[in-house]
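First comes the structure, then the notes that go with it.
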Amino acid sequence: MTSAEYNTCVDLFSDGLYRFILKNIKDEDKAQDIVQDTFEKVWLKVVEVDFEKAKSYIFTTGYRTMIDLIRKDKKQANWDEVNEYEHIHQRHYTDLKSIVNKALNTLNEIQKSVIMLRDYEGYSYEEISQITGLSPSQVKVYIFRGRQNLKEYIGKLENVI
């Protein structure tokens, strides 16, 4: 595409691209910035873009630029909108071990044994199977059910702390 064809594209497609972007993000300043960035990107690739396909290329580039801006804005937070007191932890609990021990005591003996062997001692399922005389699949079932019971007992960590 020549520079004259590029100028023609700017005249023909900038308003349409602006309207398209504005309908999506509903911010005039950002829409103008996206259109400007889009045409800058097109200018950098002006020799590679075919004039007959310029409209498609411009709208695709504009759309991708808009998506990049939306993703970038989602990652950034405005400090004025943040309530800092929501992020301050006031409550302290220093004996989490006692809560876990109480939760373990609620389990039946088989569940407690296999969980202790697996999670505290680090034995494999096969080794636990040999120690307890259970099949490996039974060991997995008891561990799963025991962990589910622990999860229900302890609940959310916010309730514990």
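Computation of the quantities below employed the complete heavy-atom set of this structure, encompassing side-chain atoms and omitting hydrogens, waters and symmetry-equivalent molecules. Source: prediction; values computed, not measured.
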Just do the side-chain contact (heavy atoms from CB on, under 4.5 Å) check on M1 and V47 with the steps written out, would you? CA-CA 6 Å; M1 174 178 356; V47 288; over 6 Å; no
Taking the side chain as every heavy atom from C-beta outward, state whether K112 and N108 have any pair of such atoms under 4.5 Å apart. no
Could you check whether the rings of Y63 and F20 sit parallel, tilted or perpendicular, using 30° and 60° as the cut-offs? tilted
Selection residues 7-16 - residue pairs positive for side-chain hydrogen bond (donor to acceptor under 3.5 Å, both in side chains), sequence neighbours left out: none
Supply the atom-to-atom distance K41 NZ to Y57 OH, rounded to the nearest 0.5 angstrom. 9.0 Å
So, does Q32 use its side chain to make a donor-acceptor pair with the main chain of D29 at under 3.5 Å? no
Between Y6 (side chain only) and F39 (backbone N and O only), is there a donor and an acceptor less than 3.5 Å apart? yes
Joint cluster assignment, Y120 & L107, ILVMFWY side-chain distance < 4.5 Å: yes
Contacts table for residues 123-150: side-chain donor-acceptor under 3.5 angstrom, sequence neighbours left out:
residue: S124; atom: OG; partner: E127; partner atom: N; Å: 3.2
residue: S124; atom: OG; partner: E127; partner atom: OE1; Å: 3.4
residue: E127; atom: OE1; partner: S124; partner atom: N; Å: 2.9
residue: S129; atom: OG; partner: L134; partner atom: O; Å: 2.3
residue: T132; atom: OG1; partner: I128; partner atom: O; Å: 2.8
residue: T132; atom: OG1; partner: L134; partner atom: N; Å: 3.4
residue: S135; atom: OG; partner: S137; partner atom: OG; Å: 3.2
residue: S135; atom: OG; partner: Q138; partner atom: N; Å: 3.2
residue: S135; atom: OG; partner: Q138; partner atom: OE1; Å: 3.3
residue: Q138; atom: OE1; partner: S135; partner atom: N; Å: 2.9
residue: R147; atom: NE; partner: D119; partner atom: OD2; Å: 3.3
residue: R147; atom: NH2; partner: D119; partner atom: OD1; Å: 2.6
residue: R147; atom: NH2; partner: D119; partner atom: OD2; Å: 3.4
residue: N149; atom: ND2; partner: Q111; partner atom: OE1; Å: 3.2
residue: N149; atom: ND2; partner: R145; partner atom: O; Å: 3.4

List the residues meeting salt bridge (Lys or Arg N to Asp or Glu O under 4.0 Å) with K30, not counting sequence neighbours, and say none if there are none. D73
Could you measure the distance from the CG atom of L17 to the CE atom of M66? Nearest 0.5 Å is fine. 9.5 Å
Once rounded to the nearest 0.5 Å, what's the spacing between atom NZ of K72 and atom CD1 of I67? 15.0 Å
Please examine the side chains of D37 and E40, heavy atoms only from C-beta on, and report whether any two atoms are closer than 4.5 Å. yes
Looking at CG of L69 and OG1 of T65, how far apart are the two atoms once the value is rounded to the nearest 0.5 Å? 9.0 Å
Using every non-hydrogen atom in the two residues, find where C9 and I58 come nearest and quote the distance to one decimal. CB-CD1, 3.8 Å
Nearest 0.5 Å please: distance from the CD1 atom of I70 over to the CG atom of N24. 7.0 Å
Scanning both residues in full, the closest heavy-atom pair of T38 with G62 reads OG1-CA, 3.1 Å
Can you see which heavy atom on F59 is nearest to which on G16, and at what distance? CZ-C, 3.7 Å
If you count the non-hydrogen atoms of other residues, nucleotides and ligands that lie under 6.0 Å from CD in Q36, is the total more than 12? no
Contact between I25 and I34 at the side-chain level, heavy atoms closer than 4.5 Å - yes or no? yes
Decide yes or no for S3 and V46: does some side-chain heavy atom of the first lie under 4.5 Å from some side-chain heavy atom of the second? no
S56 (side chain) donor-acceptor with K53 (main chain) under 3.5 angstrom: no
